[in-house]
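Since the structure comes first, as structure tokens, the remarks are kept for the end.
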2 protein chains.
Amino acid sequence: MSKQCTLYKSIVNGGDTVSVPRSPRPGPRRASTEEQVLDAALALLDDGGIDAASVRGIAARIGVAPNAVYTYFADKAAVYQAIVERLLGDVDHGVFADREMPWPQRVESLALELRARLSAHPGAVPLMVSGPLGGPRALALNERLLGLFADAGLDAAEAARGSYLLIVYVFGSVALEVADAHRPGPLQPESERVERRREAFAAADTEQYPRTAAAAETIAASISTEQFLWGLRRVLAGIRPRSR
Amino acid sequence: MSKQCTLYKSIVNGGDTVSVPRSPRPGPRRASTEEQVLDAALALLDDGGIDAASVRGIAARIGVAPNAVYTYFADKAAVYQAIVERLLGDVDHGVFADREMPWPQRVESLALELRARLSAHPGAVPLMVSGPLGGPRALALNERLLGLFADAGLDAAEAARGSYLLIVYVFGSVALEVADAHRPGPLQPESERVERRREAFAAADTEQYPRTAAAAETIAASISTEQFLWGLRRVLAGIRPRSR
DNA sequence: ACCTGAACACCGTTCAAGT
DNA sequence: ACCTGAACACCGTTCAAGT
């Protein structure tokens with residue numbers, strides 16, 4: 001298991017953001033088997049969900065015997081953990097590093113970026129939410145968040161609580177959104193998923209669940225980016241240092 | 001698959017709350033095989049986590065051939081889905097039904113009750129967060145929440161958004177808390193888990209993560225009931241109808 | 001250091017058959 | 001309606017062996 005923590009690199013071009021894939025060495029594109037295992041696992045996760053990402057499936061995809069995987073990873077859980085680390089490494093810290101911007105906007109950028117990275121790999125989301133988030137990438141993200149809330153005027157303890165609240169909100173939202181997709185594979189367009197929810201809630205018993213029926217439109221759109229932002233702003237309004 | 005929605009019963013004794021297990025018929029305690037399957041699955045989930053709750057394991061536990069399970073459930077996913085429904089049915093609606101109480105207190109009671117029910121079965125939490133929450137029990141809970149927020153003075157759409165935000169917060173919190181436990185089986189006492197986190201964060205690199213190190217105590221306690229309540233109150237402060 | 005063959009103890013699920 | 005025996009195509013992981 002490689003415990004090295006290669007630093008992320010990120011580029012911001014006046015608003016447009018480019019997330020740079022970290023490569024340990026910029027040399028020839030000779031991917032190690034260890035990297036191949038993660039590539040394969042992630043591809044299988046993306047295509048067929050967690051069931052498809054078996055050790056044997058991974059090995060088959062890179063043309064190697066199943067037990068070759070154990071040269072690099074102690075067990076399947078270690079592979080999954082490494083995938084979580086890799087995905088957290090995809091998060092572009094540049095989008096919220098700019099201290100000139102008002103802090104709520106920076107938090108919003110972070111939340112949207114994190115959500116986008118996570119929902120790009122729905123099959124991996126259960127892994128992130130079932131295993132401990134204690135790797136170096138998670139720590140680095142948290143450190144950033146703490147700094148952000150410090151800039152907002154919160155003391156160390158408040159910043160820590162606010163950071164955790166934000167993490168809970170983003171991961172919780174994405175987890176429920178992915179769970180709502182029912183099937184494995186990439187997420188359908190948001191509009192289609194909302195539409196399918198609308199149909200489901202329209203079929204609900206109006207007598208037994210009158211309020212649910214009355215708010216069906218809004219409930220159907222609970223997984224939307226718009227409502228993600230609404231909730232995020234409510235959370236931020238709660239965290240914001242009280243001016244009294 | 002039984003699609004009947006037996007209504008929950010709940011008893012409130014002046015603050016003390018008793019959650020009553022629903023039995024379809026109050027007659028003799030002759031548990032059907034279908035119920036036995038769920039009992040066995042939940043017991044295995046509690047003891048050894050999701051890996052232990054295999055179809056074969058369930059069947060063995062109730063002394064039946066593995067394929068007997070398929071008389072009642074289409075597949076393993078259906079068993080898991082039924083467990084989610086059962087656990088949501090354990091939530092005592094009585095604790096927040098009292099409309100005399102101030103609404104933030106009612107929401108707090110609901111959140112604490114839901115959290116308690118979920119974390120009583122940590123092995124089942126991944127199931128709740130990975131599958132769609134669209135069963136009758138989830139609908140009933142949501143309907144209650146909508147009514148609660150309506151009592152608070154929110155309109156239908158705001159109530160729907162607020163309800164979803166609360167659900168995201170509670171499920172997200174519990175999911176991260178359970179994930180942090182590392183091992184299967186019942187959760188260790190909160191104090192022990194916080195202590196273990198404290199040790200882990202004390203070992204973190206102070207130079208690389210200075211803010212994390214400075215707030216280690218608070219971060220260690222992120223999974224605590226106290227901080228769950230703190231976050232809940234921040235969320236409620238954000239939802240609360242603005243008086244302007 | 002890296003990979004394999006073979007084996008072990010498991011899985012989920014199906015099918016035909018029994019009562 | 002409810003359950004079983006037997007089988008199928010899979011699992012994750014280990015061990016000894018090969019280069």
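Worth knowing before you read on, the calculation uses all heavy atoms, side chains too, and leaves out hydrogens, waters and symmetry mates. Each chain gets a letter, A, B and so on, in the order its sequence line appears, and its residues count up from 1.
- Environment of CD in B/Glu195: crowded, with over 12 heavy atoms of neighbouring residues, nucleotides or ligands closer than 6.0 Å.
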With 3.5 Å as the limit, what N/O pairs link the protein to nucleotides 13-17 of chain C?
residue, atom, partner, partner atom, Å
C/dT13, OP2, B/Tyr70, OH, 2.7
C/dT13, OP2, B/Lys76, N, 2.9
C/dT13, O5', B/Tyr70, OH, 3.3
C/dT14, O4, B/Asn67, ND2, 3.3
C/dC15, N4, B/Asn67, ND2, 3.4

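- Taking the side chain as every heavy atom from C-beta outward, B/Val79 and B/Tyr72 never approach each other to under 4.5 Å.
- Judged by closest nucleotide on DNA chain C, A/Val69 is the one of A/Val69 and B/Ala52 placed further toward the 5' end.
- Checked against salt bridge (charged side-chain N to carboxylate O under 4.0 Å, His left out), A/Arg193 has the following partners two or more places apart in sequence or in another chain: A/Glu177.
- When side chains are defined from C-beta on, A/Tyr164 counts as touching A/Val168, because their heavy atoms get closer than 4.5 Å.
- Distances from the side chain of B/Tyr72 to the nucleotides D/dC3, C/dG12, D/dC11 place D/dC3 closest.
- Between the CG atom of A/Leu44 and the P atom of D/dC10 there is a distance of 14 Å, given to the nearest Å.
- In terms of heavy atoms, B/Pro66 sits closest to B/Ala59 at CA-CB, 3.4 Å.
- The nucleotide whose nearest atom lies closest to any side-chain atom of A/Val64 is, among C/dC2, C/dT4, D/dG12, C/dT4.
- Residue pairs meeting the salt bridge (Lys or Arg N to Asp or Glu O under 4.0 Å) criterion with at least one member in residues 38-48 of chain B, sequence neighbours excluded: B/Asp39-B/Arg86.
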Chi angles and distances behind the ring pair (Phe, Tyr, Trp, His ring centres under 6.0 Å) call for A/Tyr169, A/Phe228: CA-CA 9 Å; A/Tyr169 178 67; A/Phe228 173 79; 5.3 Å; yes
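- Distance, A/Ile58 CD1 to D/dC11 P: 11 Å, rounded to whole Å.
- Distance CD1 (A/Ile62) to C1' (C/dC2): 12 Å, rounded to an integer number of Å.
- When both distances must be under 3.5 Å, the Watson-Crick or G-U wobble mate of D/dG12 is C/dC8.
- For the pair A/Ile50 CD1 and D/dC11 P, the interatomic distance rounds to 14 Å; values are reported in whole Å.
- Nucleotide D/dG12 holds its C1' atom 15 Å from the CZ atom of A/Phe73, rounded to whole Å.
- When the side-chain nitrogen and oxygen atoms of A/Thr33 are compared with OP1 and OP2 of C/dC3, one or more of them lie within a distance under 4.0 Å.
- If you check every strand for non-hydrogen atoms under 4.0 Å, B/Thr71 touches a base.
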